[in-house]
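Count residues from 1 along the sequence.
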Amino acid sequence: MEKWRRRNQSKDLEELTEFIESNPKSKELKRAIAVQMVQQNMTYESIAKMLCVSTSFVGKWKQVFEKEGVAGLKLKYQGSQGYLDLAQKQEIIEWLQQKQYWDLQELMTEIEDRYQVVFASKQSYYEIFKAADISWKKTQKYNPKKDPILVQKKRRNYGMVRSSSGKDKFGRISCIVCR
């Protein structure tokens with residue numbers, strides 16, 4: 001029985017080493033390295049200190065590995081399915097790129113009309129704008145600093161003028177801003 005356990009343990013260690021070398025995600029890697037260190041008879045405290053984890057982390061993943069093998073060390077969450085598939089998203093991006101002017105509300109309406117999809121967050125719409133290489137932030141149609149009439153008006157209205165007395169009760173010259 002003991003001989004069989006050693007042979008099986010050796011096979012598990014080989015599989016574990018292959019998994020570590022396959023460069024998995026960092027969380028998976030920490031789990032695998034912790035188990036590997038336990039297999040090399042290192043103390044839980046030293047492993048926890050080296051990997052910046054708790055001793056219970058080491059114990060948990062050792063038990064999971066013994067029960068499920070390498071498959072137990074892998075992340076279970078794979079993400080959720082998007083509301084639009086790649087082809088639909090590409091159609092919307094092409095539609096946006098053909099337009100001269102972009103509007104968030106118009107994008108929201110177009111997606112709802114075409115695909116009956118309403119995103120819970122505006123961030124999803126912003127990401128579509130970004131994928132189309134369009135800035136979604138509100139812009140002005142022209143720079144007001146280039147309008148000579150507005151510039152002259154602002155220069156005239158912000159002059160410094162002395163108050164009627166010229167000085168306040170502390171002897172300082174006081175000024176007011178005219179608008």
Side-chain angles (χ1 to χ4, degrees), residues 16 18-35 48 50-54 56-58 60-61 63-65 67-164 168 172-179:
L16 183 62
E18 286 176 26
F19 178 66
I20 290 170
E21 290 172 356
S22 72
N23 199 12
K25 295 175 179 81
S26 64
K27 287 183 179 182
E28 293 176 349
L29 187 60
K30 260 190 184 179
R31 295 170 183 175
I33 290 173
V35 171
M50 287 172 137
L51 297 178
C52 299
V53 295
S54 65
S56 60
F57 173 93
V58 177
K60 173 187 176 183
W61 293 109
Q63 288 177 353
V64 169
F65 177 73
K67 207 181 232 184
E68 302 174 34
V70 171
L73 301 177
K74 294 184 178 179
L75 297 172
K76 305 293 188 259
Y77 180 73
Q78 299 298 319
S80 63
Q81 177 111 12
Y83 291 109
L84 298 177
D85 62 33
L86 290 175
Q88 292 171 331
K89 200 176 274 190
Q90 189 59 39
E91 287 175 17
I92 291 294
I93 289 169
E94 289 171 6
W95 174 78
L96 282 170
Q97 290 173 337
Q98 292 173 0
K99 298 178 66 53
Q100 295 296 318
Y101 179 78
W102 304 276
D103 180 61
L104 177 62
Q105 194 60 46
E106 187 179 8
L107 174 63
M108 293 168 78
T109 304
E110 184 70 20
I111 291 174
E112 185 175 6
D113 290 348
R114 276 193 196 189
Y115 308 111
Q116 292 72 47
V117 171
V118 177
F119 294 118
S121 167
K122 288 185 179 178
Q123 185 63 39
S124 300
Y125 299 104
Y126 300 151
E127 288 172 8
I128 292 174
F129 277 133
K130 185 178 180 180
D133 206 25
I134 298 168
S135 172
W136 54 267
K137 295 182 179 176
K138 189 174 181 177
T139 61
Q140 295 177 335
K141 296 209 186 278
Y142 64 93
N143 186 347
K145 292 179 182 177
K146 301 266 181 177
D147 186 350
I149 296 169
L150 282 175
V151 171
Q152 191 62 36
K153 188 176 176 185
K154 282 190 175 190
R155 284 185 182 159
R156 232 180 296 132
N157 288 341
Y158 286 104
M160 298 294 274
V161 179
R162 285 188 184 210
S163 65
S164 57
D168 63 8
R172 296 179 298 210
I173 298 175
S174 58
C175 299
I176 56 172
V177 176
C178 299
R179 292 187 183 202

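Considering only residues two or more places apart in sequence or on other chains, Gln88 meets the side chain to side chain donor-acceptor pair (under 3.5 Å) condition with none of them. The side-chain contact (heavy atoms from CB on, under 4.5 Å) check on Gln63 picks up nothing, with sequence neighbours excluded.
Expressed to the nearest 0.5 Å, how far CD1 of Ile128 lies from CG of Leu84 amounts to 5.5 Å. Considering CG of Leu107 and CZ of Phe129, their distance stands at 4.5 Å, rounded to 0.5 Å. Within the model, atoms NZ of Lys89 and OH of Tyr115 stand 11.5 Å from one another, a figure rounded to the nearest 0.5 Å. For the atom pair CD1 (Ile93) and CG (Leu86), the distance works out to 9.5 Å, reported to the nearest 0.5 Å. Taking CD from Gln116 and OH from Tyr83, the interatomic distance works out to 14.5 Å, rounded to the nearest 0.5 Å. How far CD1 of Ile134 is from CG of Leu96: 4.5 Å, rounded to the nearest 0.5 Å.
For Gly72 against Glu68, the heavy-atom pair with the smallest separation is CA-OE1, 3.3 Å. Taking both residues in full, the closest heavy atoms of Phe119 and Ser124 are given as CG-CB, 3.4 Å, listed atom of the first, atom of the second, then distance. Taking each heavy atom of Glu106 and Lys99 in turn, the nearest pair found is OE2-NZ, 2.8 Å. Residue Val53 comes nearest to Lys30 through the heavy atom pair CG1-CD, 4.0 Å, listed as atom of the first residue, atom of the second, then distance.
The 12-atom threshold is not exceeded at NZ of Lys27, counting heavy atoms of other residues, nucleotides or ligands nearer than 6.0 Å. The environment of CG in Leu75 is crowded: more than 12 heavy-atom neighbours from other residues, nucleotides or ligands sit within 6.0 Å. By the 6.0 Å contact criterion, CG on Asp133 is open, its count of non-hydrogen atoms from other residues, nucleotides or ligands being 12 or less.
Counting heavy atoms from C-beta outward, Glu91 and Trp95 have side chains that stay 4.5 Å or more apart. Considering only heavy atoms from C-beta on, Arg31 stays 4.5 Å or farther from Val64 through its side chain.
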Kindly indicate, with the supporting measurements, whether the criterion side chain to side chain contact (heavy atoms under 4.5 Å, CB included) is fulfilled by Val58 and Leu51. CA-CA 10 Å; Val58 177; Leu51 297 178; 5.7 Å; no
